[in-house]
Amino acid sequence: MFDQKHRVTRSDYELWRAGQDETAARIAADPDRLLFHAEPELGWLNDPNGLVQVGDTYHIYHQYDPFDAAHGGPVLWNHLTTKDFVTYENRGPALFPDSDLDSSGAYSGSAFMHDGKIHYFYTGNVKHFDRDDYDYVLTGRDQNQIHMVTENPDKLGEKHIAVGPVDYPDDISTHVRDPKILEHDGIYYMVLGARTKDDRGCVLVYTSHDLECWKYATRIELGEKFGFMWECPDLFELDGELILVCCPQGVPADGWRYQNPHQCVWFRIEADWEAPSFKIAGQGMPPMVDAGFDFYAPQSFADADGRRIMIGWAGCPDATAQNPTVERGWQCALTVPRVLNMRDGKLCQWPAREVEQLRKERVSVTAGETVGSPGRLFDAVVSCRGTKSIELEVREGVVVCFASGMLTLDMGDEGYGRDKRSVELDELYCLRVLSDATMLEVFVNDGEVALTSRTYSSAAPAMQLRAEGDASMEFYRLAR
């Protein structure tokens with residue numbers, strides 16, 4: 001019904017949605033729906049966009065294809081709100097590919113608060129279909145960085161081009177997208193994910209004094225090729241450091257690292273703000289933000305309490321793993337909000353404290369003891385400093401284990417194409433497993449490492465903490 005060759009207006013969507021109540025009600029009642037994660041009412045969800053707090057309300061937008069759970073249709077922005085990061089109100093689509101600037105999709109972007117107004121920036125994707133020899137990398141595509149200003153987060157404002165194809169460097173392909181804004185000493189910096197014509201990923205940096213007029217300044221890149229495209233850049237200051245998170249595509253696996261089809265990594269950046277120039281600091285392989293099967297395209301923002309909060313897409317482009325809910329009409333979700341901090345040179349992440357309000361019954365367990373019928377909704381925190389090995393079956397056939405310096409999430413036969421993901425550790429001293437109906441988020445050593453995965457297995461009949469050495473667990477059942 002809808003595809004990238006045709007615009008989609010609000011009235012188009014509303015006419016279609018009027019006939020979907022029965023499907024939406026069936027999906028909402030499905031036992032595999034998540035308790036405390038955001039997921040689509042219908043169809044497909046991916047990248048979080050436009051994260052912003054207004055008053056006591058957090059506004060979360062996300063990429064959305066309501067028409068096709070396998071994501072073959074056009075991309076909109078859907079709008080969610082929450083005050084507690086546990087319950088989410090679905091406000092419905094807020095941004096449609098309905099103009100000449102974005103006729104093939106309203107791609108990812110961000111929000112920036114200034115003088116009581118919200119400035120939204122996103123990529124308007126325009127594919128030209130008048131010839132059959134376009135490759136849509138070097139030819140046949142425009143990617144417009146669009147700016148909208150509003151005081152009402154339900155109505156995003158009039159669309160204007162902030163940066164367009166005429167503003168990109170000559171060596172850049174038609175793949176330029178995902179604007180994110182940073183302010184430093186009264187100057188605004190826009191970072192854009194990009195792909196060069198010779199297939200090297202980088203981040204383009206533009207500057208502005210007024211959020212309206214933008215000028216190309218520089219780029220951020222590695223000296224050697226690291227993927228063919230860097231998507232979803234997020235440049236932010238955290239605990240006295242300048243950090244770049246981005247998603248390089250096409251990075252080959254290297255041992256236990258970079259096992260997914262595309263990656264999400266972070267860099268420490270050394271900035272000369274006056275030049276300006278931004279150099280990637282340090283040597284070695286860029287650390288992964290999350291080492292699980294299902295994590296990509298995160299975006300962060302600062303809330304009123306000064307927390308740097310990051311939300312990711314619990315999915316991965318081009319993944320071979322399956323989600324069985326597709327046949328039932330929906331797919332994908334967002335991670336729990338994670339609070340970021342820098343500790344000992346590591347980017348650490350921990351579930352926002354609001355999630356703990358779901359904790360109900362508590363059971364204390366030591367090594368060798370079991371939790372009977374743990375269910376699928378729980379928060380388990382293991383203390384195990386000095387332990388040589390540990391094993392915890394968190395679902396039927398799904399095990400988190402640590403031995404010989406490697407922590408592994410093993411999906412057994414329950415992964416729907418997901419097998420194992422591992423991380424090398426100097427030591428393991430604590431482990432947290434946050435489990436929703438079809439989602440696992442594992443946090444290691446106070447958030448130094450995270451692993452996110454979808455799982456559709458049943459709950460384990462009993463959860464036993466096995467360890468070589470002293471270990472204990474605080475187990476909480478979760479409910480509203």
Side-chain angles (χ1 to χ4, degrees), residues 8-10 13-14 17 37-67 71 73-83 85 87-99 101-102 105-114 117-125 144-159 162 177-181 190 192-193 231-234 245 247 296-303 309-315 330-338 352:
V8 179
T9 66
R10 181 177 292 276
Y13 167 79
E14 291 176 347
R17 179 60 184 81
H37 289 82
E39 58 186 336
E41 177 193 43
L42 298 156
W44 163 278
L45 168 156
N46 60 303
D47 306 8
N49 296 153
L51 309 183
V52 66
Q53 183 180 9
V54 181
D56 63 352
T57 302
Y58 297 98
H59 295 264
I60 300 168
Y61 305 83
H62 63 80
Q63 295 280 279
Y64 188 38
D65 177 359
F67 313 112
H71 188 32
V75 178
L76 324 176
W77 274 28
N78 194 57
H79 182 196
L80 308 173
T81 58
T82 183
K83 294 185 178 182
F85 288 138
T87 56
Y88 295 87
E89 178 185 353
N90 180 21
R91 307 285 280 266
L95 178 60
F96 296 84
D98 57 6
S99 75
L101 302 179
D102 58 7
Y107 279 22
S108 289
S110 57
F112 184 82
M113 288 288 294
H114 179 64
K117 295 183 179 180
I118 312 171
H119 293 254
Y120 295 92
F121 295 86
Y122 75 99
T123 299
N125 189 47
N144 303 306
Q145 314 313 322
I146 299 173
H147 181 202
M148 303 173 294
V149 185
T150 186
E151 296 179 358
N152 182 354
D154 289 304
K155 298 180 180 179
L156 305 192
E158 187 176 350
K159 301 174 181 179
R177 54 182 174 268
D178 311 332
K180 183 78 191 309
I181 309 301
M190 176 193 292
L192 291 167
E231 290 193 302
C232 306
D234 189 359
V245 171
C247 294
Y296 198 77
Q299 188 171 115
S300 73
F301 71 107
D303 79 345
I309 297 175
M310 179 183 72
I311 299 174
W313 169 36
W330 88 97
Q331 182 177 194
C332 297
L334 301 181
T335 68
V336 292
R338 305 172 180 187

Separation between CD1 (Ile309) and CD1 (Ile60), nearest 0.5 Å, reads 9.0 Å
Using only atom types and a distance under 3.5 Å, with no angle test, would you say the side chain of Asn144 pairs donor to acceptor with the backbone of Leu101?
yes
For a quick test of reading the model, state the closest non-hydrogen atom pair linking Gln145 to Thr123 and the distance between them.
OE1-OG1, 2.7 Å
Close side-chain approach of Val75 and Asp65, heavy atoms under 4.5 Å
no
Do Tyr120 and Pro153 have side chains that approach each other closer than 4.5 Å (heavy atoms only, starting at C-beta)?
yes
Could you report the tightest heavy-atom contact between Ser108 and Trp77, atom names first, then the distance?
C-CZ2, 4.2 Å
Report yes or no: does Trp313 contribute a side-chain atom to a donor-acceptor pair with the main-chain N or O of Leu45 at less than 3.5 Å?
yes
Would you give the length of the straight line joining atom CG of Leu80 to atom CG of Leu51, rounded to the nearest 0.5 angstrom?
10.5 Å
For Asn49, which of His79, His62, Gln63 qualifies under side chain to side chain contact (heavy atoms under 4.5 Å, CB included)?
Gln63
Does Arg91 pair with Asp154 as a salt bridge, N-O distance under 4.0 Å?
yes
Distance check, rounded to the nearest 0.5 Å: Ile146 atom CD1 versus Asn125 atom CG?
10.0 Å
Is a donor from one side chain sitting under 3.5 angstrom from an acceptor on the other, for Tyr122 and Tyr61?
no
To the nearest 0.5 angstrom, please state how far the CE atom of Met113 sits from the CZ atom of Phe301.
12.0 Å
Any side-chain to backbone donor/acceptor pair from Thr150 onto Ile118? Under 3.5 Å, distance only.
no
For Gly92 and Asn78, the nearest pair of non-hydrogen atoms, with its separation, is C-OD1, 2.9 Å
Nearest heavy-atom neighbours spanning Pro40 and Cys332:
CD-O, 3.1 Å
Where is the tightest heavy-atom contact between Asp102 and Ser99, given as atom of each residue plus distance?
OD1-OG, 2.9 Å
Side chains of Met190 and His147: does their closest heavy-atom pair fall under 4.5 Å?
no
Is Pro66 close to Leu76 at the side-chain level, that is, under 4.5 Å between some pair of heavy atoms?
yes
Rounded to the nearest 0.5 angstrom, the CZ-CG distance for Phe67 and Leu42 is 10.0 Å
Proximity of Tyr58 and Phe85 rings by center, below 6.0 Å:
yes
Would you check if the side chain of Asp178 reaches a backbone N or O of Cys232 as a donor-acceptor pair within less than 3.5 Å?
yes
If you define the side chain from C-beta out and look only at heavy atoms, does anything of His59 sit under 4.5 Å from Val54?
yes
Check: Ser300 main-chain N/O paired with Lys180 side-chain donor or acceptor under 3.5 Å
yes
For Asp234 and Met310, run side-chain contact (heavy atoms from CB on, under 4.5 Å): C-alpha distance rounded to whole Å, both residues' side-chain angles, the deciding distance at 0.1 Å, then the answer.
CA-CA 10 Å; Asp234 189 359; Met310 179 183 72; 6.0 Å; no
Measure up the Trp44 and His71 rings against each other and bin them: parallel (under 30°), tilted (30 to 60°), perpendicular (over 60°).
parallel
Please confirm whether the backbone N or O of Pro233 pairs with a side-chain atom of Glu231, one donor and one acceptor, at under 3.5 Å?
no
What are the two closest heavy atoms between Leu334 and His37, and how far apart are they?
O-CD2, 3.2 Å
Side-chain donor-acceptor pair present, Thr82, Glu89, cut-off under 3.5 Å
no
